[in-house]
Amino acid sequence: MVEILFAKSALPKDGVLVLPLAEDAPLREDAAALNERHDGALAKAIEAASFKGKAGQSLNLYHIGGYKRVLLLGTGKADAPRRAELLGAALATSLSQESEASLVTTGFSADEAAQIALGASLRAYRFDKYRTTEKEEAKPKLKKLKLLCAAPKEAEAAWSSAKALANGVDFARDLVSEPANILYPAEFAERLEGLKKLGLKIEVYGQKELEKLGFGTMLAVSQGSVREPRMVVMQWLGASGGDEKKAKKPKEPLVFVGKGVTFDTGGISLKPAAGMEDMKWDMAGAGAVSGLMAALAGRKAKVDAIGLVGLVENMPSGSATRPGDVVKSYAGKTVEILNTDAEGRLVLADVLYYAQERFAPKFMVNLATLTGAIIVGLGHEYAGLFSNSDELVEKLVASGEIVGEKLWRMPLAKEGEAYDKELDSAIADVKNIGGGRAGGSITAAQFLQRFVNNTPWAHLDIAGMAWATKDAGVNPKGATAFGVRLLDHFARGFEA
Ligand code: BES
Ligand code: MN
Ligand code: ZN
């Protein structure tokens, strides 16, 4: 990660200097002084290049006033949402070939200075562990970023919590980016054990334990694979306990559940070959829950939060589940599996029910790359949000707007109503797909709801958001870790 330093506002004498400029605003003090010392060079360049300070707009001046490079970055309107973190992101992109730079943060608060740092480090992420032949000049170089602030101590304190969040996001991105030959359930679980060092309590359940518990629907997904399944329970008791040693039993914790299908071939209901490689990121829900727990622990959040992930590989083989098979879920309900590619809901059914039974959550949020249909409906702008609680919806949507991970509420019917009735099976308590393709994301959510008691619950279908094919905002293309920043912000609303 880019090293971030905070220092008193005095301008450096040389190097690379970044000056943020709001839309149609006059040059700020530092920039104005520099401009005057150099015969109005800045103002002339701004004029000549029609630089308006629009968000994302940039203007470079080389070898001026002792600086190797002065970069003017537009920050848009003074009240533009997320302008600080987006400035950081723009800076990281523009300066990827510089090794060090200083940024003047006049006009930004200490918190915003930390947000600039957050945006810069998030955007500078790169998953390059498997590149062994890349040329030096092609690699990004930004190592050190100095933020010049009026109150550097305050900014640094804000950054220490934002940095924990950035670490959580990057942890999730690493998990999501890994190919499925490297990251299978046991390996995923092992990486989560590494989070113990942050004070998280980690429990891992293997094949035997899951059999004993009676996780029939989750095991039905896993049984075609030579990779053993895992369920991992991560506990952060920041309100009632502190760290692992002091941890008591959580009281009304916030519970987060993630779908962790480390590869989804579809099973016997095999997916078509084209694009199947994308299914390595069918564990992005579990990745986000893991990154969130790392962030909460890393910044010592004053909440009790539990993360649970169901980790399986969905493969076709002689031992795989067949369409038509009937299995018994942990909840006791029998499920007729008509399509083995509708596997995420089978994993979640058991983990959701277990989470409710064991932890009596204040509420429960699950994240899953659950349906292709949500991409048809919402594209790559919004994740689908399904919930039985208006209050939860309101809070989640608001957090999403603030961090730029947007949610759109979708319909969810009560049990026995039309959407739900589609799941009635001729031979078991419920079947795992609806009648046809219509409303596929909704029937998937209805299936999950059949395993939710009276707990306030929200399901985020993140299939369209987990992976980006273009750079955008604070995310370079690839794994976005969608949900980590959203739920970290959301959890802040419950901190003591
Ligand atoms: N993992 C997929 C959903 C998915 C599709 C995620 C594309 C990301 C990108 C899920 O397990 C799945 O296969 N869903 C099926 C459900 C269907 C069989 C009812 C789908 O969406 O086609
Ligand atoms: Mn599937
Ligand atoms: Zn899947």
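Just so you know, ligand 1 is whichever comes first in the structure, and atom 1 is the first atom listed for that ligand. Here the structure is a predicted model, which is why all the values come from computation and not from measurement.
- Residue contacts with ligand 1 include I375, since one of its heavy atoms falls under 4.0 Å from the ligand.
- The nearest heavy-atom contact from the protein to atom 7 (C) of ligand 1 is M279 CE, 3.7 Å.
- A donor atom on one side chain and an acceptor atom on the other are found under 3.5 Å apart for D174 and Y125.
- The shortest separation from a heavy atom of D264 to ligand 1 is under 4.0 Å, placing the residue in contact.
- V221 is not listed as a side-chain neighbour of T321, based on a closest heavy-atom distance of 4.5 Å or more.
- For a distance bound of 2.8 Å, the N, O or S atoms of L370 include none lying that close to the Zn ion (ligand 3).
- The shortest N or O to N or O distance between R345 and ligand 1 is not under 3.5 Å.
- For the pair D325 and R322, the salt-bridge criterion is met [side-chain N within less than 4.0 Å of a carboxylate O].
- Closest to the Mn ion (ligand 2) among the N, O or S atoms of E343 is OE1.
- Close contacts of ligand 1 with K259, meaning ligand atoms under 4.0 Å from a residue heavy atom, involve 1 (N), 10 (C), 11 (O).
- When only interatomic distances are considered, the shortest N/O to N/O separation between D282 and ligand 1 falls below 3.5 Å.
- Under a 4.0 Å N-O distance rule, the pair R191/E178 qualifies as a salt bridge.
- At a threshold of 2.8 Å, the Mn ion (ligand 2) has a backbone or side-chain N, O or S atom of D341 nearer than that distance.
- Contact analysis puts W281 in contact with ligand 1, with a non-hydrogen atom separation below 4.0 angstrom.
- Heavy-atom distances between M276 and ligand 1 stay at or above 4.0 Å for every pair.
- Residue D471 forms a salt bridge (Lys or Arg N to Asp or Glu O under 4.0 Å) with just one option from R126, R123, K477, and that option is R123.
- Residue I433 has at least one heavy-atom neighbour below 4.0 Å for each of these atoms of ligand 1: 19 (C).
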K414 and D420: CA distance, side-chain angles, deciding distance, salt bridge (charged side-chain N to carboxylate O under 4.0 Å, His left out) verdict: CA-CA 7 Å; K414 297 212 163 50; D420 175 79; over 6 Å; no
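- The number of heavy atoms from other shown groups lying within 6.0 Å of OH (Y419) does not exceed 12.
- Atom 22 (O) of ligand 1 is not flagged as protein-proximal [any protein heavy atom, distance under 4.0 Å].
- Ligand 1 is never approached by R437 to a heavy-atom distance shorter than 4.0 Å.
- In summary, the atoms of ligand 1 found under 4.0 Å from a heavy atom of A463, numbered by their order in the structure, are 6 (C), 8 (C).
- Ion pairing of E187 with R230 is absent here, as no side-chain N (NZ or NE/NH1/NH2) approaches a carboxylate O to less than 4.0 Å.
- What sits closest to atom 20 (C) of ligand 1 on the protein, heavy atoms only, is G372 N, 3.9 Å.
- Heavy atoms of V261 found under 4.0 angstrom from ligand 1: none, in either backbone or side chain.
- Close N/O approach between N339 and ligand 1 is not found [any backbone or side-chain N/O within under 3.5 Å].
- Under 3.5 Å, the side chains of T217 and D350 contain a donor-acceptor pair of N or O atoms.
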Go through S319 and S317 one step at a time and tell me if the side-chain hydrogen bond (donor to acceptor under 3.5 Å, both in side chains) criterion holds. CA-CA 5 Å; S319 63; S317 79; 3.1 Å; yes
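- Residue contacts to the Zn ion (ligand 3): D341 brings no N, O or S atom closer than 2.8 Å.
- Here CD of Q446 is found 8.5 Å from CZ of F386. Values are rounded to the nearest 0.5 Å.
- Nearest N/O/S atom of D264 relative to the Mn ion (ligand 2): this is OD2.
- Distance check: Y354 OH to L210 CG gives 9.5 Å after rounding to the nearest 0.5 Å.
- L370 counts as a contact of ligand 1, since one of its heavy atoms falls under 4.0 Å from the ligand.
- For the ring pair (Phe, Tyr, Trp, His ring centres under 6.0 Å) with Y330, the lone residue among F215, Y205, F451 that qualifies is F215.
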